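Worksheet for the structure shown next.
Protein chains get the first letters and strands the later ones, always in sequence-line order, with residue 1 at the start of each. All values reported here derive from a predicted model rather than from experimental measurement.
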Amino acid sequence: MENNIIEIFIGILMLFAGIKAVTSKKMLDSILYLSLLSMVAVVGFVIMKAPDVAITEAVIGSGLVTAVFLLTYSVVKKSGDIA
Amino acid sequence: MKKVLAFILVAILGYFMITGLMTAQEFSTYGNVNLDEKISRNFIDKDVNGKSDEIIYGQTSNPETGSANYVTSIIANYRIFDTLGEVTVLFVSALGVSLLFGKNTKKYNFYESNFILKTASKMIFGLILVVGIYIFVHGHLTPGGGFPGGAMIASSILLMYLADNEFKANINKFKQAESLSGSLILVIGLLGIVTSGYFFYNFLPTGTVGETFSAGIIPIIYTLIGLKVGSELSGVIYNFMLEGGEQ
Amino acid sequence: MIQYFSIILMLIGIFGLLIDRNILKLIVSLNVFEIGLNLFIVSIGFVNNGIAPILTANNSSSNLNFVDPLPQALVLTSIVIGLGITSLGLAFARKIYKEYNTFDLNEMGGNN
């Protein structure tokens, strides 16, 4: 019974982060919501008893993908071109 | 108008996918998989080639694969041909990035950091490097393996680049390490043909399940994969920090 | 229950691919789709009251109730390939910004 409640809670958090990442107006908000979605997915992998996949997704999804996105975003000049 | 049309299309696709999942006969319901009808039963009992007894941690000697982690024994022994294809895909994407950014020379400068940040980041850099090396050396006993260990090495280099503006890593040594590890993986595969007649055959003796020096060629292959992935991703991160003088 | 949530996450990713005009947000939607796909593949091999597929000193026999290790091995490869695709796409996006000075698909012009 407790397992079902934890799964539903993690699932609703993932859907909230996913919808906000796709439909937000600024570019910086989308990148940060993607990082939050990746961290919640690591908890989902641990619930399904897969430790190898959880370590790989934690290192790659929250470390390297976010860094590469932010290094590309810093090219945009400050005036205009936010949306 | 475009949003309404896209929403209708996605809703129709979702209706077909979810009812197909609930009523198809090949998909059993969530959690009721019967492992005896699938090939994973042979991977768990380690008897792909013939019958063998029950595997016990610390007592069975010379089983078919010898590693205590079942996912490692699938990636590095039973299905190593797919791992070879994946190493090739990573190599092609790193090659593409370095072709596009090859002519830039100037490094991007962040804010000037003070003395505390520079000293503390040197301590954490050593810690992350040691944890990464531990994860890919013990790939056959603990969860992890070559791929997250290599990515940890790359993120320690990223930390040093972000904290200190005068840190310069030797990129030529990374490139030589990457090409050497990649060639040694193929040499081990060809040695399998020379000694036993099959590509990537496990020709070293597999000891007792659960010791450090066991499982034949699996620790050697994972060490080489960890070094190769680590230096490749460090090169990609370094290329993203350059900006060009002219086009 | 996580299986249905991962299918909805895949559909959110496809919706994002159809609706956005900014190149950076297209790559974010592609990543959302890939996270949903990896969750779905791992959830195929789950066994009720199973344990993680590693032999340790506590779980020391091979007759216990393990989860299926084969889908986990396939997903490990897929996560690393997703990183390679994302980095190559972002390298192209940076070159496009230097040439046209915008990330928007409608303002780039073309050979109409």
Side-chain angles (χ1 to χ4, degrees), chain A residues 3-8 10-15 17-31 33-35 37-38 40-42 44-57 59-61 63-69 71-77 80-83, chain C residues 1-2 4-6 8-9 11-13 15-17 19-22 24-25 27-29 31-36 38-39 41-43 45-48 50-54 66-67 69 71-73 75-80 82-83 86-87 89-91 93-94 97-98 101-104 107:
Chain A
N3 221 10
N4 250 351
I5 293 185
I6 290 183
E7 286 186 3
I8 292 183
I10 295 286
I12 292 185
L13 204 56
M14 272 199 290
L15 285 189
I19 290 181
K20 279 301 233 186
V22 164
T23 66
S24 72
K25 293 255 185 318
K26 300 192 174 191
M27 280 195 282
L28 194 57
D29 288 356
S30 293
I31 298 174
Y33 278 119
L34 178 72
S35 177
L37 171 68
S38 161
V40 178
V42 170
F45 280 129
V46 170
I47 285 178
M48 291 200 270
K49 310 274 194 340
D52 289 275
V53 184
I55 289 183
T56 306
E57 171 71 30
V59 169
I60 288 185
L64 291 179
V65 168
T66 308
V68 168
F69 263 111
L71 283 174
T72 306
Y73 174 72
S74 67
V75 169
V76 172
K77 295 190 179 41
D81 205 34
I82 295 292
Chain C
M1 192 51 77
I2 280 193
Y4 297 111
F5 279 124
S6 65
I8 298 182
L9 206 63
L11 296 174
I12 288 178
F15 178 71
L17 275 178
I19 211 71
D20 280 322
R21 288 180 322 179
N22 195 347
L24 219 60
K25 284 220 209 132
I27 300 182
V28 166
S29 305
N31 265 348
V32 169
F33 177 69
E34 277 190 11
I35 286 181
N38 293 335
L39 274 169
I41 293 183
V42 171
S43 82
F46 182 63
V47 174
N48 272 334
I51 53 180
I54 294 181
F66 286 118
V67 241
Q72 298 177 13
V75 164
L76 211 78
T77 303
S78 161
I79 291 180
V80 180
L83 168 72
T86 302
S87 69
L90 286 174
R94 205 155 129 180
Y97 187 79
K98 282 229 159 54
N101 222 8
T102 176
F103 268 145
D104 203 335
E107 301 174 7

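- Between C/Leu9 and A/Leu15 there is a side-chain heavy-atom pair separated by less than 4.5 Å.
- The heavy-atom pair separating C/Thr86 from A/Phe69 by the smallest distance is CG2-CE1, 4.0 Å.
- Contact annotation for C/Val67: only side-chain heavy atoms (C-beta onward) come within less than 4.5 Å of a heavy atom of chain A.
- Inter-residue side-chain proximity for A/Met14 and C/Leu39 is flagged as met; some heavy-atom pair is nearer than 4.5 Å.
- The two residues A/Thr56 and C/Val80 make their nearest non-hydrogen contact at CG2-CG2, 4.4 Å.
- Between the CD atom in C/Glu34 and the OG atom in A/Ser38 there is a gap of 12.0 Å [rounded to 0.5 Å].
- The closest side-chain heavy-atom distance from C/Tyr97 to A/Thr72 is not below 4.5 Å.
- Both the backbone and the side chain of C/Ile27 have a heavy atom closer than 4.5 Å to some heavy atom of chain A.
- Here the side chain of A/Lys49 pairs no donor or acceptor atom with the backbone of C/Pro53 at under 3.5 angstrom.
- In this structure, chain A has a heavy atom under 4.5 Å from the side chain of C/Ile35, while its backbone stays farther away.
- Taking chain A as the reference chain and counting heavy-atom pairs below 4.5 Å, the highest number among C/Ile19, C/Ile8, C/Val28, C/Val75 is found for C/Val28.
- Shortest non-hydrogen contact noted between C/Leu83 and A/Val65 is CD1-CG2, 3.8 Å.
- Taking every heavy atom of both residues into account, C/Ile79 and A/Glu57 meet most closely at CD1-OE1, 3.5 Å.
- In this structure, A/Leu37 CG and C/Asn31 CG are separated by 9.5 Å, a value rounded to the nearest 0.5 Å.
- Here the closest heavy-atom approach between residue A/Ser24 and residue C/Lys25 is recorded as O-NZ, 2.7 Å.
- Note that CE of A/Met48 is 7.0 Å distant from OG of C/Ser6, once rounded to the nearest 0.5 Å.
- Residue contact with chain C, scored on non-hydrogen atoms closer than 4.5 Å, involves the backbone and the side chain of A/Ile8 alike.
- The two residues C/Val42 and A/Ala50 make their nearest non-hydrogen contact at CG1-CB, 4.3 Å.
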